[in-house]
Amino acid sequence: MYGYRPDPDDINCFIIDPVAASVVRRIWEMHAGGIGAPTIARTLNEEGIPNPTSYAKLTGYSWHNRPSSSLWSAGCIYSILHNETYLGTLCQGRQLTPEGQFHSKKNIPKDQWVRTVGHHPAIIDDELLRRELKARKEAGAHNLHEQKKNFPPGIFGKEVRCASCGKILTKGKTLRKTGYERTLFCPTRKKSPSHCKGAFISEKHLESAILHELKNLADRYSDDRVQIGICQDAQSADLIQERNRLKTAVELIEKEITAYEQRSRDLYLKRATDGMSIDDFNSALSRIRNDVDKLRLKSKRASSELLHLNESIAAESIRMETVLKAADFNHLDKTKVSMLIESVYVHKRDPKSGTQAIDITWKF
């Protein structure tokens with residue numbers, strides 16, 4: 001537990017770790033003073049204070065070597081602010097392992113926890129606790145007011161990432177003159193500006209950029225497509241022409257194989273009727289079989305290439321139909337985003353030109 005260490009005389013008891021406890025008290029003081037959890041995390045990161053996982057590794061109390069972030073996060077701050085252990089209370093029975101399910105645990109409601117008050121020394125005193133509870137009450141009233149606003153949910157999820165650090169962009173909202181606007185921002189930049197250039201974009205701007213790119217793709221298909229059975233673009237026409245060439249080549253090879261097989265049958269007949277020597281027969285038959293094997297290998301390669309081309313033509317047709325259909329979209333939703341987009345990497349906006357690069361990988 002961050003802020004405590006095991007008592008060397010009694011492993012079932014805790015003693016205060018002065019270094020970590022000072023950080024815990026500071027977090028509570030800052031939050032009670034009206035500073036939000038994201039700002040607290042960012043301040044600690046800027047000062048280079050190790051987070052609980054890193055501190056445990058530095059002090060030799062870490063029990064695993066799994067890779068983990070060395071940065072403070074808002075979630076970590078929240079967990080410290082809502083942990084009753086820092087009040088001197090031992091909380092037990094917080095999780096239950098179902099019978100026969102050793103790898104799964106069920107969370108128990110807080111009102112059913114088993115609490116032992118005064119089990120160990122408290123890091124947070126009564127005065128600081130009182131100020132923190134007052135701050136939470138005031139923040140809770142503000143949050144309740146915010147929840148009453150009719151604010152729609154976001155349409156983007158794990159597919160949108162920061163181009164600098166690769167982290168999934170976190171959803172947020174920014175107050176504009178016209179009201180609240182859904183935004184996406186880099187969590188690493190929020191925690192520590194020195195670790196990432198960051199990316200920030202409004203959901204509305206990102207949606208417009210994606211719809212604009214879809215319309216550009218549709219325009220390219222409309223300009224280049226030709227009529228070949230169904231509407232295909234010029235690239236697909238080249239694929240179809242190549243497919244026809246390979247199909248003809250495969251048919252010619254099969255005819256050659258049939259001719260060689262007939263020669264083989266004629267050779268057997270010649271040996272039976274004309275008294276052909278065994279050496280001449282074996283030599284001629286070996287040449288025929290070698291030629292047939294080469295032709296079959298050539299036919300196999302051409303057939304494989306033909307199959308690949310057929311798949312490419314079908315995929316191109318599906319791609320064109322998807323793009324032309326999506327170009328008519330006036331807005332996006334979660335279903336459309338999931339159907340169309342594999343990933344979106346958002347770059348930091350150029351402060352001079354005001355442009356912002358967005359890399360889109362489509363599913364079609």
Side-chain angles (χ1 to χ4, degrees), residues 158-159 210-329 335-345 358-364:
K158 295 181 179 180
E159 61 275 345
I210 292 173
L211 291 174
H212 180 71
E213 184 61 25
L214 281 171
K215 285 180 171 54
N216 286 341
L217 287 173
D219 289 342
R220 286 200 289 270
Y221 275 109
S222 298
D223 293 341
D224 297 336
R225 65 187 181 180
V226 293
Q227 190 71 22
I228 304 179
I230 61 172
C231 286
Q232 303 281 353
D233 69 349
Q235 182 181 3
S236 295
D238 293 338
L239 292 176
I240 292 176
Q241 186 177 0
E242 178 66 13
R243 181 188 64 180
N244 293 337
R245 184 189 68 78
L246 283 170
K247 188 176 180 180
T248 302
V250 170
E251 292 174 352
L252 291 175
I253 293 172
E254 292 298 329
K255 288 181 179 179
E256 287 188 60
I257 292 175
T258 302
Y260 271 101
E261 290 175 347
Q262 181 60 44
R263 287 177 59 186
S264 178
R265 289 191 291 269
D266 293 342
L267 188 63
Y268 276 100
L269 183 61
K270 185 176 181 180
R271 168 165 167 71
T273 56
D274 297 344
M276 186 178 184
S277 68
I278 187 64
D279 292 337
D280 293 341
F281 173 78
N282 289 336
S283 178
L285 184 61
S286 178
R287 288 195 300 271
I288 291 174
R289 287 176 176 174
N290 287 337
D291 291 340
V292 169
D293 290 340
K294 290 178 182 179
L295 288 172
R296 283 177 177 165
L297 180 60
K298 187 176 179 181
S299 175
K300 183 178 179 180
R301 290 174 178 173
S303 298
S304 176
E305 190 174 350
L306 180 60
L307 177 62
H308 177 71
L309 279 175
N310 285 332
E311 292 174 350
S312 298
I313 292 171
E316 190 67 19
S317 175
I318 294 173
R319 174 183 170 87
M320 186 199 70
E321 292 174 3
T322 302
V323 169
L324 294 178
K325 181 179 178 181
D328 295 331
F329 293 160
T335 303
K336 294 175 182 176
V337 170
S338 176
M339 176 184 70
L340 296 172
I341 298 173
E342 183 70 33
S343 65
V344 178
Y345 283 86
I358 300 173
D359 302 327
I360 305 173
T361 302
W362 305 102
K363 284 188 175 179
F364 48 80

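Just so it is clear, the structure is predicted and the values come from calculations on it, not from any experiment.
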| Within a strict 4.5 Å, meaning less than it, do heavy atoms of the Leu340 and Thr322 side chains meet? |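 Leu340 vs Thr322: side chains touch.
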
| said: Enumerate the ring pair (Phe, Tyr, Trp, His ring centres under 6.0 Å) contacts for residues 283-302, please, sequence neighbours excluded, ordered by first and then second residue. | reply: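 Matches after skipping sequence neighbours: none remain.
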
Closest approach of [X] to [Y] (non-hydrogen atoms, all atoms of both residues):
| X | Y | answer |
| --- | --- | --- |
| Val323 | Ala218 | CG1-N, 3.4 Å |
| Val292 | Ile257 | CG1-CG2, 4.4 Å |
| Trp362 | Glu213 | CZ2-CG, 3.6 Å |

| request: Tell me, please, which residues at least two apart from Ser343 pass side chain to side chain contact (heavy atoms under 4.5 Å, CB included). | output: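 Partners of Ser343 under the side chain to side chain contact (heavy atoms under 4.5 Å, CB included) test: Tyr345, Thr361.
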
| After noting the C-alpha distance and the side-chain angles of Glu305 and His308, does the key distance pass the side chain to side chain contact (heavy atoms under 4.5 Å, CB included) rule? | CA-CA 5 Å; Glu305 190 174 350; His308 177 71; 5.6 Å; no

| message | What verdict does the side chain to side chain contact (heavy atoms under 4.5 Å, CB included) test give for Glu159 and Val337, after you've listed the backbone C-alpha separation in whole Å, the side-chain angles of each residue and the deciding distance to 0.1 Å? | response | CA-CA 9 Å; Glu159 61 275 345; Val337 170; 3.2 Å; yes

| query | Tell me the side-chain hydrogen bond (donor to acceptor under 3.5 Å, both in side chains) pairs involving residues 284-294, sequence neighbours left out? | reply |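 Pairs touching residues 284-294 that pass the test: Tyr260-Asp291, Ser283-Arg287.
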
| said: Could you go through Ile210 and Ile358, starting from their C-alpha distance and side-chain angles, then the distance that decides it, and tell me whether this counts as side chain to side chain contact (heavy atoms under 4.5 Å, CB included)? | reply: CA-CA 9 Å; Ile210 292 173; Ile358 300 173; 5.7 Å; no

Between [atom1] of [X] and [atom2] of [Y], what distance do you get to the nearest 0.5 Å?
| X | Y | atom1 | atom2 | answer |
| --- | --- | --- | --- | --- |
| Leu307 | Leu246 | CG | CG | 11.5 Å |
| Glu261 | Ile288 | CD | CD1 | 10.5 Å |
| Glu254 | Ser303 | CD | OG | 6.5 Å |
| Leu285 | Asp280 | CG | CG | 12.5 Å |
| Lys336 | Lys325 | NZ | NZ | 9.5 Å |
| Ile341 | Ile360 | CD1 | CD1 | 6.0 Å |

| said: Are there over 12 heavy-atom neighbours, none belonging to Lys300, within less than 6.0 Å of that residue's NZ? | reply: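 No, the 6.0 Å shell around NZ holds no more than 12 heavy atoms from other groups.
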
| query | Got a donor-acceptor contact below 3.5 angstrom from the Lys215 side chain to the Ala327 backbone? | reply |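 Here the side-chain-to-backbone pair exists.
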
| message | Can a donor-acceptor pair be found, under 3.5 Å and without considering hydrogens, that links the side chain of Lys298 to the backbone of Val250? | response |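 Answer holds: no.
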
